[in-house]
Amino acid sequence: MNWMVEWPGPFPIFVKKAKGSRIIDADGVTYVDFCLGDTGAMFGHSPEATVKAATEQLRKGGITTMLPTEDAAWVGEELARRFGLPYWQVAMTATDANRFALRMAREATSRGMVLVFNGCYHGTVDETLVRLVDGKVTCREGSMPPPVDPQFTSKVVEFNDLAALEQALTSRDVAAVLMEPAMTNCGIILPEDGYLDGVREITQRTGTVWIVDETHTWCAGPGGYTRAFGLKPDIITVGKPIAGGIPAAAFGISQELYEKTSGNMLAETTGVNGLGGTLTGNAFALAVMRATLKKVITPRAYKRMIPLAKKFNEGVEETIREYNLPWHSIRLGARVEYRFRANPPKNGAEAIAAKDPLLNKYVHLYDLNRRILLTPFHNMALMSPYTTGKNVDLHTKVFRDSVQEIIR
Ligand SMILES: Cc1ncc(COP(=O)(O)O)c(C=O)c1O
């Protein structure tokens, strides 16, 4: 994968083993892992309950059968309880969940366009691999050509700009607004006060489906940003850590959307409604999701992770203050990110402009050589329930040393 070669140095480290908050490489070197599979392992590598459920399900028998298991009902009910939407469908990856959510939105609205935000990432979903350049929608740099020119499929506006959103939706040709409630993929960008209320109001008024992608913002709490901040979206998508890193994802829809789409969802006339594949909803994934939701992604885990993230953030801020750097550090639940600009950006354009590839490489390589793994291409750190105060202290020290080294 291209992100495996984006780690600093001429080649990535090769992993022998990953457990809890640690990775041991092929040479036997142990690292403190703050990348955690870019959220796939946010609750630690190979958590006990996940491993136990996976092993038991394999032994018991039943990997994939094209039939539901009781676990499916449990998982659906649990996701409804956590995120507040009543109907859930399983997918294999968050990319999948987003693709299917867009299909649902098109089915419900009979519209074609999709609106996303500059600087977003929602997986390899064709309509969303886009950027806003000089006010025009273009393909995202580096991405291979999509089947249809994104000008015909996508609108892109800046985050935290309600006027731009309103203008883009008034023509009523947009099926869905797909967004992270706080952006995370060009660094953390928090919504301004009232912004998400405004998004809800405008989407409702224009008959546009509001999809909240919680894949990364699940770091905010057990029911994601949605529950933590009382959002009321029409669709929620989740993925990555939902089965401890074993491929699984899900999307939930509102009662209203269910009523508009269930005809095709439940039709007996065709096995193909454009959602999922042969292995989707397989018994193995559901058993692992159930155990992971029940025993790993728990309120107790967040109680441990969030204070560690605060500590990590404070450690970085201390050095920024000490050396009077024009940088900042920002936190969202169990996720921390620091950037090379004085204030947090309010949208993707500002975040992209603040990138400093050389400094970025330097920080990552410095950390790697001192046995710390930060997420490649941004300075993002996740805390798992296995992360310790000592792990965070190590980062605080190494970060300070790395700064001291370059400002001498
Ligand atoms: C917000 C968001 N949604 C969806 C995805 C896609 O996840 P996956 O690559 O597991 O399909 C990502 C991946 O980074 C993401 O950041």
Side-chain angles (χ1 to χ4, degrees), residues 1-4 6-7 34-43 83 89-105 114-131 140 142-144 146 154 156 159 176-191 196 199 210-220 224-226 231 233 235-252 275-277 279-280 285 288-289 292 297 332-337 348 351-352 374-382:
M1 296 306 301
N2 59 349
W3 38 81
M4 291 186 183
E6 282 198 39
W7 287 85
F34 289 109
C35 169
L36 295 170
D38 192 18
T39 308
M42 183 163 76
F43 296 90
F83 290 97
Q89 170 105 44
V90 177
M92 294 294 272
T93 63
T95 299
D96 255 10
N98 283 328
R99 278 213 315 269
F100 306 150
L102 293 180
R103 274 190 181 261
M104 299 290 281
V114 169
L115 185 140
V116 291
F117 293 82
N118 196 27
C120 73
Y121 185 68
H122 296 284
T124 50
V125 180
D126 291 324
E127 297 90 333
T128 67
L129 288 173
V130 287
R131 283 280 185 262
R140 186 177 164 140
S143 68
M144 298 198 183
S154 313
V156 185
F159 196 70
V177 168
L178 169 58
M179 73 190 295
E180 293 187 280
M183 294 186 82
T184 66
N185 276 293
C186 50
I188 297 168
I189 305 176
L190 299 178
L196 295 174
V199 173
W210 185 25
I211 306 171
V212 165
D213 180 344
E214 288 275 14
T215 305
H216 278 183
T217 48
W218 206 351
C219 63
Y225 196 100
T226 296
L231 309 184
I235 304 185
I236 293 172
T237 58
V238 285
K240 295 201 189 189
I242 196 168
I246 287 168
F251 63 95
L275 312 180
L279 302 183
T280 308
V288 180
M289 276 164 102
T292 306
I297 310 178
L332 176 65
R335 170 182 291 252
V336 184
E337 173 112 25
I352 293 164
L374 271 192
T375 313
F377 40 77
H378 42 147
N379 310 316
M380 192 274 283
L382 285 168

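Counting starts at 1 for both ligands and their atoms, in listed order.
- Closer than 4.0 angstrom to ligand 1 by heavy atom are Thr93, Ala94, Thr95, Asn98, Tyr121, His122, Gly123, Glu180, Asn185, Asp213, Thr215, His216, Lys240, sorted by chain and number.
- For an aromatic pair to be called close, the ring centres must be under 6.0 Å apart, and Trp218 with Phe83 satisfies this.
- Taking Phe100 as the reference, nothing meets the ring pair (Phe, Tyr, Trp, His ring centres under 6.0 Å) condition, with sequence neighbours excluded.
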Applying side-chain hydrogen bond (donor to acceptor under 3.5 Å, both in side chains), run through Thr217 and Arg335 and close with a yes or a no.
CA-CA 9 Å; Thr217 48; Arg335 170 182 291 252; over 6 Å; no
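- Comment: Asp126 does not engage Arg99 in a salt bridge, judged by the lack of any side-chain N to carboxylate O separation of less than 4.0 angstrom.
- Between the side chain of Glu214 and the main chain of Tyr225, a donor-acceptor pair closer than 3.5 Å is present.
- Remark: Glu180 CD to Phe159 CZ distance equals 8.5 Å, nearest 0.5 Å.
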